[in-house]
2 protein chains.
Amino acid sequence: MNVTTRKEEIIVVASRLFKEKGYTAVSMRDIAQAMGIKAASLYNHISGKQELLSTLVLRLAEDFTLGMEAVQQESGSQVSKIRKVIELHIDITVNASEALAALNNDWMHLEGEDLHRFVGMRETYEENFRSIIKKGIEAGELQPHHPEVILFSILSTLRTLYLWYQKRGKLDVNVLKKDMVAVLLRGIV
Amino acid sequence: MNVTTRKEEIIVVASRLFKEKGYTAVSMRDIAQAMGIKAASLYNHISGKQELLSTLVLRLAEDFTLGMEAVQQESGSQVSKIRKVIELHIDITVNASEALAALNNDWMHLEGEDLHRFVGMRETYEENFRSIIKKGIEAGELQPHHPEVILFSILSTLRTLYLWYQKRGKLDVNVLKKDMVAVLLRGIV
DNA sequence: TTACAAAACTAACGTTTGTTAGTTAGAATC
DNA sequence: GATTCTAACTAACAAACGTTAGTTTTGTAA
């Protein structure tokens, strides 16, 4: 009994290469070489390059969607929901930092229904987040800034967290959560 | 006398395509078609695809470097320097939003000395920013959070500004500056 | 030992890629 | 009017691409 299938191994290797050079710049021969086999052998396990991308991206997109739905159904304040969203991003980043690169940079190379589905999920996600922020402003919990500025200030930081969170030594996840919540909610001055 | 050279037109078209699909996914035939000419004709004006990328990226990188040097030589508080950096990013974003995509996503496809130079410039830039933040914390101007968290929270938002600042209608540049400074410095609660 | 399935291989395919060479039409300069 | 320059063209190249077909090796179960 093997703990991971060969297919899963390919996906892991591919996500690492995609992170380094981007989906288009990585060839099937690159992926094969990184696994010590020939390109044609990959096709015993996967249907093609596109499957690698769509698996990586859509899996993660569903994690985000489910996480956001859970947050949405909570009963606390809007600020506490935002805190939950921040923690959601950090949790996903910590154990899927490679695949996040594909989600952020290569989603536009999805094809057909996969592309359509991803874009829909992303729009829904942003709309849910925007709704939390607007309610927070209405309730007087948040400063009355342009909601779009608030939304994308937070989201930009969370989305690119994968690029830097592991660069400088090991930031403990809980410390990171605490610091990021503080910085994103209460600022730095 | 023409106000822009043909070469400059190619660079503009290329940056637009690079933003949409990424450097590797854009072919010379794509660029040529977008200009209504054949791929081979491009070579009357440029030396190759790589020149397009390095021109786009290094030009912008120098803008950032010069801007940061100017900020560094100011005499105000560290917080006012950070405010200047925020404004610098917004100014560059507003009139070079296409090229910023290449700088953010495709710099790794630079070759040889160009790659080396870019990475050096980016490291210096981050180091200068980090230094401002550290001094700000020491001086008691900034909250004593992990400097790395502060640095990349701000930088992530500024670097991906090009992705969203023009999506929702026209945000006036000065309003945008004011809002972003407020959100990034003082938070949202 | 045989049988079977999993996972590798070699060889090749049709396309697309960036780029070069050589040519041509029109405008500017002498 | 002859010459030079600019900017387009056609044709073609070698290399790299994703993928397919058919074959061989390897490990497991009967």
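In what follows, every chain begins at residue 1, and chains take the letters A, B, ... in the order their sequences are listed.
If you measure from atom CG of B/Leu52 to atom C1' of C/dT19, you get 13 Å, rounded to the nearest angstrom. Nucleotide D/dT10 holds its C1' atom 12 Å from the CZ atom of B/Arg29, rounded to whole Å. The separation between B/Lys7 atom NZ and D/dC5 atom C1' is 17 Å, rounded to whole Å. Remark: C1' of D/dA16 and CD of A/Gln33 are 14 Å apart, rounded to the nearest angstrom. Protein atom CD of B/Glu111 is 12 Å distant from nucleotide atom P of C/dG18, rounded to whole Å. One can place CE of A/Met28 at 17 Å from C1' of C/dA12, the figure rounded to the nearest angstrom. Going from atom CG of B/Asp30 over to atom P of C/dT19 covers 14 Å, rounded to whole Å.
Other residues, nucleotides and ligands place more than 12 heavy atoms under 6.0 Å from the NZ atom of A/Lys177.
A side-chain donor-acceptor contact under 3.5 Å links B/Thr160 and A/Ser156.
Among pairs with a residue in residues 32-57 of chain B, none fulfils ring pair (Phe, Tyr, Trp, His ring centres under 6.0 Å), at least two apart in sequence or across chains. Sorted by first and then second residue, the side chain to side chain donor-acceptor pair (under 3.5 Å) pairs with a member in residues 70-82 of chain B read B/Glu74-B/Lys84; sequence neighbours excluded. Residue pairs meeting the ring pair (Phe, Tyr, Trp, His ring centres under 6.0 Å) criterion with at least one member in residues 170-189 of chain A, sequence neighbours excluded, do not occur.
Residues of residues 34-51 of chain B that place a heavy atom closer than 4.0 Å to DNA chain D, in numerical order, are B/Ile37, B/Lys38, B/Ala40, B/Ser41, B/Asn44, B/His45. Of the residues in residues 10-23 of chain B, not one places a heavy atom less than 4.0 Å from an atom of DNA chain D.
Here B/Glu9 pairs with B/Arg6 in a salt bridge; the nearest charged N to carboxylate O distance falls below 4.0 Å.
With respect to B/Phe118, the ring-ring contact (aromatic ring centres under 6.0 Å, His included) criterion is satisfied by exactly one of B/Trp107, B/Phe64, B/Tyr125: B/Trp107. Shown are B/Leu103, B/Asn104, B/Val94; of these, the side chain to side chain contact (heavy atoms under 4.5 Å, CB included) with B/Tyr162 is made only by B/Asn104.
Contact annotation: A/Arg6 side-chain N/O to C/dA8 OP1/OP2 distance is under 4.0 Å.
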Cut-off 3.5 Å, no hydrogens considered: what does the side-chain donor-acceptor table look like for residues 109-117 of chain B, sequence neighbours left out?
unit_1: B/His109; atom_1: NE2; unit_2: A/Lys21; atom_2: O; d: 3.0
unit_1: B/Glu111; atom_1: OE2; unit_2: B/Gln50; atom_2: NE2; d: 3.4
unit_1: B/Arg117; atom_1: NH2; unit_2: B/Glu62; atom_2: OE2; d: 2.3

